[in-house]
Amino acid sequence: MAFVTRQFIRSLSSSAALHAAIKHVTIIGGGLMGAGIAQVAASTGHSVVLVDTSEDILKKSAKGIESSLKRVAKKKFAEKPEDGEAFIQKILKNISTSTDAASVVQGTDLVVEAIVENLKVKQDLFGALDKAAPEHTIFASNTSSLPIADIASSTARLDRFGGLHFFNPVPMMKLVEVIKAPGTSQQTFDSLLEFSKALGKHPVSCKDTPGFIVNRLLVPYMLEAVRLHERGHGSKEDIDVAMKLGAGYPMGPFELLDYVGLDTSKFIIDGWHEKDPDNPLFAPSPLLNKLVAEGKLGKKTGEGFYKHK
Ligand SMILES: CC(=O)CC(=O)SCCNC(=O)CCNC(=O)[C@H](O)C(C)(C)COP(=O)(O)OP(=O)(O)OC[C@H]1O[C@@H](n2cnc3c(N)ncnc32)[C@H](O)[C@@H]1OP(=O)(O)O
Ligand SMILES: NC(=O)C1=CN([C@@H]2O[C@H](COP(=O)(O)OP(=O)(O)OC[C@H]3O[C@@H](n4cnc5c(N)ncnc54)[C@H](O)[C@@H]3O)[C@@H](O)[C@H]2O)C=CC1
């Protein structure tokens with residue numbers, strides 16, 4: 001009986017240790033995704049450092065987090081709006097910012113990378129962080145389309161490297177894809193699952209295959225919509241209405257492309273096309289390429305397929 005009790009206490013304390021292990025999180029990249037991940041981590045009691053390349057970008061990220069929290073508070077404290085401000089300030093206190101990733105990872109349990117969708121840039125970042133971060137620190141990438149194993153190959157911690165793929169807008173979307181690359185240890189994978197649950201998200205387990213689950217289905221669908229429009233078979237407005245009213249999607253494919261970012265969408269499709277040039281689902285789109293070349297990247301720049309306020 002005493003043995004059983006000791007075992008039970010040990011198993012409780014080891015699962016508590018697993019939770020306690022991820023308390024301090026460093027998010028690299030304060031754009032659409034990084035700011036959302038920082039907000040959710042801070043809202044669930046984690047201590048967060050958000051890193052980007054300039055103070056100006058970080059100011060914009062902080063403003064975005066605050067206005068998203070205002071939307072949350074407006075709902076949560078509809079009856080007592082005066083409590084909403086205290087709620088927002090308490091969460092914002094959990095977030096600090098930095099432009100020097102190497103110096104802030106020294107005290108972190110988990111690094112979540114959400115920078116530009118470019119393999120070389122991600123590898124350079126993780127290669128540098130690997131030298132600066134403590135042994136126990138887990139590295140995770142929020143990549144939409146790149147193999148986790150390729151990103152991890154710039155480090156010497158393949159066992160403590162996995163994928164944490166969030167969805168936009170992070171505060172609203174419940175799913176996190178947790179990716180176990182060939183080198184990811186079971187302990188790391190379990191910690192990432194636990195962390196996702198601690199954020200109030202629903203994790204699903206994914207293999208390290210292109211696009212994991214959601215993007216392997218969603219990205220070809222969005223590009224098919226662009227090709228259908230390029231062939232003159234439907235206006236973007238009609239295609240969007242058709243998919244919303246005919247398939248029950250909350251956004252049409254063109255609205256969603258603008259929401260995701262046309263640059264990010266192009267990075268994804270170009271990367272897959274390079275690896276599998278004969279797959280028609282991964283064929284580049286002249287219209288998408290033209291908009292990106294014009295700097296029309298979607299909602300984040302004020303114009304993409306549509307104009308945004
Ligand atoms: C590319 C990748 O690697 C992976 C990806 O992320 S792919 C993209 C995945 N995302 C999607 O598919 C998003 C599809 N769209 C949607 O689910 C919905 O349109 C949406 C949740 C974004 C917005 O919902 P909506 O009903 O169209 O608009 P809206 O009324 O403004 O918002 C609905 C609620 O969400 C809240 N909300 C929306 N965005 C928010 C944000 N960033 N922060 C906080 N709250 C937010 C609003 O406050 C609102 O709350 P109430 O209804 O309680 O008032
Ligand atoms: N946009 C989306 O809907 C989704 C994107 N993703 C993935 O998340 C990642 C980020 O995407 P977004 O947030 O949309 O991009 P974004 O363009 O909005 O933000 C990227 C941020 O990273 C910063 N950055 C670039 N290089 C950096 C570096 N070396 N160090 C620190 N900061 C750096 C940029 O200044 C920018 O603020 C990409 O890998 C993307 O594929 C994943 C899920 C959804």
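Atoms within a ligand are numbered from 1 in the order they appear, just like the ligands themselves.
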Answer with yes or no after comparing the ring centroid distance for F254 and Y306 against a 6.0 Å cut-off, counting only values under it. no

Validation row: R160, F139 side chains within 4.5 angstrom (heavy atoms): no

Do any side-chain atoms of residues 220-230 form donor-acceptor pairs under 3.5 angstrom with protein atoms, and if so which ones, sequence neighbours left out?
unit_1 : atom_1 : unit_2 : atom_2 : d
E224   : OE2    : R227   : NE     : 2.9
E224   : OE2    : R227   : NH2    : 3.4
R227   : NH1    : A283   : O      : 2.6
R227   : NH2    : L281   : O      : 3.1
H229   : ND1    : G234   : O      : 2.8
E230   : OE2    : S285   : OG     : 2.8
E230   : OE2    : L287   : N      : 2.8

Checking L297, L257, L288 against K266 for side-chain contact (heavy atoms from CB on, under 4.5 Å), the one that qualifies is L288

I'd like a table of the close N/O pairs between ligand 1 and the protein (anything under 3.5 Å), one pair per line with both atom names and the distance.
unit_1   : atom_1 : unit_2 : atom_2 : d
ligand 1 : 3 (O)  : S144   : OG     : 2.7
ligand 1 : 3 (O)  : H165   : NE2    : 2.8
ligand 1 : 3 (O)  : N215   : ND2    : 2.8
ligand 1 : 6 (O)  : N168   : N      : 2.9
ligand 1 : 10 (N) : N168   : O      : 2.7
ligand 1 : 31 (O) : R71    : NH2    : 3.1
ligand 1 : 43 (N) : S68    : OG     : 2.5
ligand 1 : 48 (O) : R71    : NE     : 3.4
ligand 1 : 50 (O) : K75    : NZ     : 3.2
ligand 1 : 53 (O) : K75    : NZ     : 3.3

Could you tell me, for ligand 2, which of its N or O atoms are under 3.5 Å from any protein N or O, listing the pairs and their distances rounded to 0.1 Å?
unit_1   : atom_1 : unit_2 : atom_2 : d
ligand 2 : 1 (N)  : V260   : O      : 2.8
ligand 2 : 3 (O)  : N168   : ND2    : 3.4
ligand 2 : 6 (N)  : S144   : OG     : 3.1
ligand 2 : 8 (O)  : N142   : ND2    : 3.0
ligand 2 : 13 (O) : L32    : N      : 3.3
ligand 2 : 13 (O) : M33    : N      : 2.9
ligand 2 : 17 (O) : K300   : NZ     : 3.2
ligand 2 : 18 (O) : L32    : N      : 3.0
ligand 2 : 35 (O) : D52    : OD1    : 2.7
ligand 2 : 37 (O) : D52    : OD2    : 2.7
ligand 2 : 39 (O) : I115   : O      : 3.2
ligand 2 : 39 (O) : E117   : OE1    : 2.6
ligand 2 : 39 (O) : K122   : NZ     : 2.8
ligand 2 : 41 (O) : E117   : OE1    : 3.0
ligand 2 : 41 (O) : S144   : OG     : 2.7

Please set out all donor-acceptor pairs under 3.5 angstrom arising from side-chain atoms of residues 79-87, sequence neighbours excluded.
unit_1 : atom_1 : unit_2 : atom_2 : d
K80    : NZ     : D83    : OD2    : 3.2
E85    : OE2    : Q89    : NE2    : 2.8

Check this for me: does any side-chain nitrogen of one of D208 and K180 sit under 4.0 Å from a carboxylate oxygen of the other? no

Between D109 and H136, do the side chains contain a donor N or O and an acceptor N or O under 3.5 Å apart? yes

Going by atom types only, do T188 and S185 share a side-chain donor-acceptor pair under 3.5 Å? yes

Any chance the side chains of Q39 and S68 put a donor and an acceptor closer than 3.5 Å? yes

